[in-house]
K.L.:
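My questions will all concern the structure given below.
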Amino acid sequence: MKKIIFTGKGGVGKTTIASTLAKLLARDGRRVLVIDCDPSMNLAMGLGVPLSEIRPLADAKKAIGERL
Ligand SMILES: Nc1ncnc2c1ncn2[C@@H]1O[C@H](COP(=O)(O)OP(=O)(O)OP(=O)(O)O)[C@@H](O)[C@H]1O
Ligand SMILES: [Mg+2]
């Protein structure tokens with residue numbers, strides 16, 4: 001499994017590059033897991049996920065606690 005982390009100062013294109021790379025890898029048949037750690041998240045929207053379907057991981061706090 002390869003892991004790629006995008007970090008850096010604000011507005012330099014992290015989300016744009018992450019979403020584009022994820023789409024290209026998935027298009028090539030790779031299994032891709034994308035995690036947005038930005039409290040002001042917009043990566044899912046960059047991937048084309050409708051706003052109504054976006055569920056912040058923090059909403060699953062109880063389930064996460066049970067599994068850790
Ligand atoms: N290579 C590029 N050329 C021109 N504009 C770009 C490029 N990459 C990103 N942008 C634009 O720059 C802006 C910021 O990009 P993006 O949101 O991807 O940055 P970010 O690093 O994720 O920002 P933040 O730190 O706020 O999360 C967006 O409007 C995006 O469309
Ligand atoms: Mg961003």
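All values below were derived from every heavy atom in this structure, side-chain atoms included, with hydrogens, water molecules and symmetry-related copies excluded.
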K.L.:
Only distances under 3.5 Å count here; give the side-chain donor-acceptor pairs of residues 46-60 to other protein atoms, sequence neighbours excluded, each with its distance to 0.1 Å.
P.N.:
{"residue": "R55", "atom": "NH1", "partner": "S52", "partner atom": "O", "Å": "3.0"}

K.L.:
To the nearest 0.5 Å, how far apart are CD1 in I4 and CG in L21?
P.N.:
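The CG atom of L21 is 5.0 Å from CD1 of I4, to the nearest 0.5 Å.
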
K.L.:
For residues 6-15, which side-chain donor-acceptor pairs fall under 3.5 Å, sequence neighbours excluded?
P.N.:
{"residue": "K14", "atom": "NZ", "partner": "G8", "partner atom": "O", "Å": "3.4"}
{"residue": "K14", "atom": "NZ", "partner": "K9", "partner atom": "O", "Å": "2.8"}

K.L.:
Sequence neighbours excluded, which residues qualify as side-chain contact (heavy atoms from CB on, under 4.5 Å) partners of R30?
P.N.:
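L25, V32.
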
K.L.:
Ignoring hydrogens and angles, tell me if any N or O in the side chain of D36 forms a donor-acceptor pair with the backbone of N42 under 3.5 Å.
P.N.:
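It does hold such a pair.
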
K.L.:
Mind checking side-chain contact (heavy atoms from CB on, under 4.5 Å) for T20 and listing every partner two or more places apart, or none if nothing turns up?
P.N.:
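If we apply the side-chain contact (heavy atoms from CB on, under 4.5 Å) test to T20, skipping adjacent residues, the hits are T16, L24.
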
K.L.:
Can you list everything that forms a side-chain hydrogen bond (donor to acceptor under 3.5 Å, both in side chains) with K62? Sequence neighbours excluded, please.
P.N.:
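side-chain hydrogen bond (donor to acceptor under 3.5 Å, both in side chains) list for K62, sorted by chain: E66.
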
K.L.:
Hey, what else clusters with L33 if you join Ile, Leu, Val, Met, Phe, Trp, Tyr whenever side-chain heavy atoms sit under 4.5 Å?
P.N.:
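I35, listed by chain and number.
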
K.L.:
For the atom pair CG (D38) and CE (M41), what is the distance rounded to the nearest 0.5 Å?
P.N.:
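The distance works out to 9.5 Å.
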
